[in-house]
*Asks:* 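What follows is a structure written as structure tokens; I'll ask about it next.
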Amino acid sequence: MITKDEIELAYSFFHQKQRIYQYSTLDWQKDDIEYAIGSYVESMNKELLEQISDGRSDFLCNHSTFYADITSAVEKLEARL
């Protein structure tokens, strides 16, 4: 079961990190954001993760697709609010 609080928390965290990542010119800062999101993904509601990831096991954990993944996650979570 996915609660409204879990959706709001994930949306808030992802949205904030996505905005910083989008405008950052610092590689270390982007790496820190990827690490923070990856850590969060490990502990988040698995059902919610499954729904926003479309079943991709590397969602939000792959450097080469990270920005597209976080943007997609923000959009999907925002639609659920």
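Note that this is a predicted model, so its numbers are computed, not measured.
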*Asks:* Quick one: do F59 and V41 satisfy side-chain contact (heavy atoms from CB on, under 4.5 Å)? Show the steps, please.
*Replies:* CA-CA 9 Å; F59 188 73; V41 165; over 6 Å; no

*Asks:* Passes side-chain contact (heavy atoms from CB on, under 4.5 Å), L77 versus L48? Steps please.
*Replies:* CA-CA 9 Å; L77 290 165; L48 180 58; 3.9 Å; yes

*Asks:* For E50 and I2, what are the C-alpha separation, side-chain angles and deciding distance, and is it a side-chain contact (heavy atoms from CB on, under 4.5 Å)?
*Replies:* CA-CA 11 Å; E50 178 72 24; I2 302 169; over 6 Å; no

*Asks:* For the hydrophobic clusters of this structure (ILVMFWY residues joined by side-chain heavy atoms under 4.5 Å, transitively), does one cluster hold both L81 and I52?
*Replies:*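 Shared cluster, yes.
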
*Asks:* State the CG-CD1 distance between D32 and I37, to the nearest 0.5 angstrom.
*Replies:*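 One gets 12.0 Å once the value is rounded to the nearest 0.5 Å.
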
*Asks:* Any sub-3.5 Å donor-acceptor pair from D69's side-chain atoms to C61's backbone N or O?
*Replies:*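 No: the side chain of D69 does not pair with the backbone of C61.
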
*Asks:* Write down the atom of M1, the atom of N45, and the distance for their closest heavy-atom approach.
*Replies:*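 In this case the closest contact between M1 and N45 is O-ND2, 3.1 Å.
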
*Asks:* Donor-acceptor pairs under 3.5 angstrom involving side-chain atoms of residues 9-16: please list them, not counting sequence neighbours.
*Replies:*
residue : atom : partner : partner atom : Å
S12     : OG   : E8      : O            : 2.9
H15     : NE2  : R19     : NH2          : 3.4

*Asks:* I'd like to know if the side chain of Y21 pairs up with that of Q29 as donor and acceptor (distance under 3.5 Å, no hydrogens or angles considered).
*Replies:*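 Looking only at side-chain atoms, Q29 and Y21 do not form any donor-acceptor pair under 3.5 Å.
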
*Asks:* Only counting residues at least two apart or in another chain, list the ones meeting side-chain hydrogen bond (donor to acceptor under 3.5 Å, both in side chains) with N62.
*Replies:*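 Partners of N62 by the side-chain hydrogen bond (donor to acceptor under 3.5 Å, both in side chains) criterion, ordered by chain and then number, come out as D58, S64.
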
*Asks:* To the nearest 0.5 Å, tell me how far Q18 CD sits from I20 CD1.
*Replies:*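 Between Q18 CD and I20 CD1, I get 10.0 Å after rounding to 0.5 Å.
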
*Asks:* Without swapping roles, check the side chain of K17 against the backbone of I33 for a donor-acceptor pair under 3.5 Å.
*Replies:*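 Here the side-chain-to-backbone pair does not exist.
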
*Asks:* May I ask you to decide if Y67's main-chain N or O and T71's side chain share a donor-acceptor pair within less than 3.5 Å?
*Replies:*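 Yes: the side chain of T71 pairs with the backbone of Y67.
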
*Asks:* Short question: side chain of T3, backbone of E6 - any donor-acceptor pair under 3.5 Å?
*Replies:*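 Here the side-chain-to-backbone pair exists.
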
*Asks:* Please round to the nearest 0.5 Å and tell me the distance separating atom CG of L60 and atom OG of S39.
*Replies:*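 Rounded to the nearest 0.5 Å, the CG-OG separation comes to 12.0 Å.
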
*Asks:* Sequence neighbours excluded, which residues qualify as ring-ring contact (aromatic ring centres under 6.0 Å, His included) partners of H63?
*Replies:*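 None.
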
*Asks:* Do other residues, nucleotides or ligands put more than 12 heavy atoms under 6.0 Å from K46 NZ?
*Replies:*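 Above 12, so yes.
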
